[in-house]
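Numbered from 1 within each chain, the chains take letters A, B, ... in sequence-line order. Note that the structure is predicted; figures quoted are calculated from it, not measured.
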Number of protein chains: 2
Amino acid sequence: MPEAPRRQSRIQKKNRETILTAALQEFAAQGYAGTTIDRIAETAGLSKPNVLYYFPSKEAIHRELLEALLDMWLAPLREIRADGDPLDQILAYARRKLEMSRDYPRESRLFANEVLQGAPRLSPILGGALRELVEDKAALIETWAEQGRIARLDARHLLFSIWALTQHYADFEVQVRAVLGQGHDPYAEAEPFLDQLYRRLLAP
Amino acid sequence: MPEAPRRQSRIQKKNRETILTAALQEFAAQGYAGTTIDRIAETAGLSKPNVLYYFPSKEAIHRELLEALLDMWLAPLREIRADGDPLDQILAYARRKLEMSRDYPRESRLFANEVLQGAPRLSPILGGALRELVEDKAALIETWAEQGRIARLDARHLLFSIWALTQHYADFEVQVRAVLGQGHDPYAEAEPFLDQLYRRLLAP
DNA sequence: CGTGATCCTGACCAACTGGTCAATATTTTG
DNA sequence: CAAAATATTGACCAGTTGGTCAGGATCACG
């Protein structure tokens with residue numbers, strides 16, 4: 001059953017939001033273990049007991065962030081449909097994922113941190129809903145391949161490649177920027193590169 | 001000046017090695033903050049004070065691991081030479097990086113953890129030695145491109161793509177396995193996929 | 001075999017962490 | 001505006017953490 005849409009006072013709404021934003025910042029930058037409730041509170045401009053007035057525990061904050069994240073994270077993949085041009089749709093998916101890395105790098109890093117540590121709070125979803133979604137879209141992509149509308153390839157690994165290539169720019173941002181040096185816009189450069197890559201890979 | 005090759009007793013050599021192995025295991029799985037000296041000691045089969053007899057601090061262990069890692073990590077890139085077939089060399093590089101993800105996933109995750117948290121103990125190297133190395137190899141690759149021996153592309157982002165695509169299989173291993181389910185060998189499947197991808201991307 | 005160097009440990013410590021709670025301040029609402 | 005509901009806090013606690021240290025065990029070597 002979906003959680004009852006609990007009545008929230010004005011203050012409750014605002015403070016829960018503030019805390020979640022601060023926590024996202026901290027968890028993404030320091031990881032779960034490296035983040036203290038005190039730092040979350042400080043970033044949020046609240047006292048530690050006050051943070052714990054709105055959330056029962058540090059883990060509860062983390063869990064809530066992850067849940068909210070997942071919906072958002074998978075939305076672009078859901079939008080791949082059987083109708084429309086195969087190449088356009090896959091290119092659009094890659095482009096949208098790259099935009100998400102650019103616009104929501106903290107979310108990307110939160111996710112990366114979690115998966116990197118073995119996804120202790122997420123693995124049921126990875127093996128459940130995510131797996132089914134991938135299965136579904138991979139089947140569609142392979143149908144396209146069989147019809148000769150795109151190249152024959154391993155659709156699951158195609159999806160992995162899109163994840164890897166786009167999230168890399170958020171998750172390894174320091175490295176990318178250190179290597180490129182100043183005066184580069186990683187995302188602006190990545191877009192045409194990925195476009196070129198997938199056009200060539202997918203050409204029938 | 002390079003560190004003097006300090007004399008090490010038999011026991012010292014063995015125990016330092018044991019500790020580093022245990023620490024790699026822990027740091028890769030739990031991150032820096034999530035790892036305790038006690039756990040390292042337990043995994044190594046030693047007492048905590050004994051671990052601190054061989055290393056002055058937790059951070060020193062971590063730093064030593066990172067330093068050792070970096071040489072190993074960049075070796076394959078160094079092997080790209082001006083002589084030899086361009087396509088072969090880039091494909092071989094990608095293949096070797098994939099093998100490293102398969103054979104040294106803990107090293108990959110240690111590195112990912114570090115970069116993800118902003119590379120606090122590594123950024124000078126990223127912007128220094130790594131940057132120079134990339135600059136060097138990127139120039140070479142772009143020469144090949146200008147000569148029409150491979151497709152024209154952004155060489156730096158080509159290298160990023162190789163890092164992203166290969167390290168993904170180690171860093172996001174739980175996700176890859178959860179999505180593929182049992183009965184799949186991610187690395188065995190990834191190899192031909194990456195081969196196909198780079199052959200098509202690089203074809204003049 | 002003995003003695004100096006190396007190795008190892010239990011006991012300890014100060015700082016920090018997640019979390020509690022009773023008391024107080026502020027809002028909301030009848 | 002008064003009382004009830006909500007929000008906030010300082011003080012506190014028990015457990016954990018990185019790290020120290022004095023003393024004892026073990027080893028290498030003349």
Side-chain angles (χ1 to χ4, degrees), chain A residues 3-66 110 113-114 117 120-121, chain B residues 3-66 110 113-114 117 120-121:
Chain A
E3 303 229 337
R6 313 187 43 153
R7 303 188 131 251
Q8 283 196 16
S9 75
R10 178 181 60 90
I11 296 177
Q12 230 169 89
K13 201 168 184 175
K14 185 193 65 177
N15 281 353
R16 283 180 55 94
E17 192 53 42
T18 310
I19 292 168
L20 287 173
T21 304
L24 172 59
Q25 169 74 24
E26 296 302 317
F27 283 136
Q30 331 283 339
Y32 180 78
T35 297
T36 68
I37 304 183
D38 246 328
R39 293 261 324 149
I40 296 174
E42 199 190 328
T43 302
L46 300 172
S47 69
K48 180 169 71 161
N50 205 6
V51 167
L52 287 164
Y53 172 75
Y54 290 101
F55 293 89
S57 68
K58 174 177 158 182
E59 210 200 314
I61 304 177
H62 192 246
R63 192 170 33 241
E64 191 146 327
L65 278 174
L66 279 180
L110 176 71
N113 260 305
E114 174 68 7
Q117 326 258 308
R121 292 161 248 272
Chain B
E3 303 227 339
R6 316 185 42 150
R7 304 188 131 252
Q8 285 195 15
S9 75
R10 176 180 59 88
I11 297 179
Q12 227 171 94
K13 202 169 183 175
K14 185 192 64 175
N15 281 352
R16 284 181 54 93
E17 192 53 42
T18 310
I19 291 167
L20 287 173
T21 304
L24 172 60
Q25 169 75 25
E26 297 300 318
F27 283 137
Q30 332 282 336
Y32 181 78
T35 297
T36 68
I37 304 181
D38 246 327
R39 292 261 324 151
I40 295 174
E42 199 190 328
T43 303
L46 300 172
S47 69
K48 182 171 71 162
N50 204 8
V51 167
L52 287 164
Y53 171 75
Y54 290 101
F55 293 89
S57 67
K58 174 177 157 182
E59 210 199 313
I61 304 178
H62 192 245
R63 193 171 31 241
E64 191 146 330
L65 279 174
L66 280 181
L110 175 72
N113 261 306
E114 174 68 7
Q117 327 253 310
R121 294 163 245 273

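At whole-Å resolution of the value, OH in Tyr53(A) and P in dA23(C) are 18 Å apart. Rounded to whole Å, atom P of dG18(D) lies 13 Å from atom NE2 of His62(B). Following rounding to the nearest Å, Gln12(B) (CD) and dA5(C) (P) show an atom-to-atom distance of 15 Å. If you take CD of Gln8(B) and P of dT6(C), they are 13 Å apart, rounded to a whole angstrom. Computed from coordinates, the Leu46(A) CG to dT6(D) C1' distance equals 15 Å when rounded to whole Å. The distance from atom CZ of Phe55(B) to atom P of dC7(C) is 13 Å, rounded to the nearest whole Å. Note: CZ (Arg63(B)) to P (dG18(D)) measures 16 Å, nearest angstrom.
In the set dT6(C), dT9(D), dT9(C), dT9(C) carries the atom at the smallest distance from any side-chain atom of Asn50(B).
Interatomic distance, Leu110(B) CG to Gln25(B) CD, rounded to the nearest 0.5 Å: 11.5 Å. From Thr21(B), atom OG1 reaches atom CD of Glu17(B) across 4.5 Å, with rounding to the nearest 0.5 Å. For the atom pair Glu114(A) CD and Leu66(A) CG, the distance stands at 5.0 Å (nearest 0.5 Å). Between the CG atom in Leu46(B) and the CD1 atom in Ile37(B) there is a gap of 13.0 Å [rounded to 0.5 Å].
The list of ring pair (Phe, Tyr, Trp, His ring centres under 6.0 Å) pairs with a residue in residues 40-63 of chain B, not counting sequence neighbours, reads Phe27(B)-His62(B), Tyr32(B)-His62(B). Among residue pairs with one or both ends in residues 33-58 of chain B, those qualifying as salt bridge (charged side-chain N to carboxylate O under 4.0 Å, His left out) are Glu26(B)-Arg39(B); sequence neighbours excluded.
Between Asn15(B) and dC8(C), a side-chain N or O to OP1/OP2 separation shorter than 4.0 Å is present. Dashed line: the shortest gap from a side-chain N or O of Ser9(B) to OP1 or OP2 of dT6(C) is not under 4.0 Å.
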Treating primed atoms plus P, OP1 and OP2 as sugar-phosphate and everything else as base, which nucleotides of nucleotides 13-19 of chain C get B, S or - for protein heavy atoms under 4.0 Å?
----SBB

Each nucleotide in nucleotides 23-30 of chain D should get exactly one letter: B, S or -. Can you fill that in based on protein heavy atoms under 4.0 Å?
----SS--

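Take Glu59(A) and apply the salt bridge (Lys or Arg N to Asp or Glu O under 4.0 Å) test, not counting sequence neighbours, and it matches Arg63(A), Arg121(A). In this structure Ala22(B) satisfies the side-chain contact (heavy atoms from CB on, under 4.5 Å) test together with Ile40(B), Thr43(B), Ala44(B), sequence neighbours excluded.
Remark: the Asn113(B) side chain and the Gln30(B) side chain contain no N/O donor-acceptor pair separated by less than 3.5 Å.
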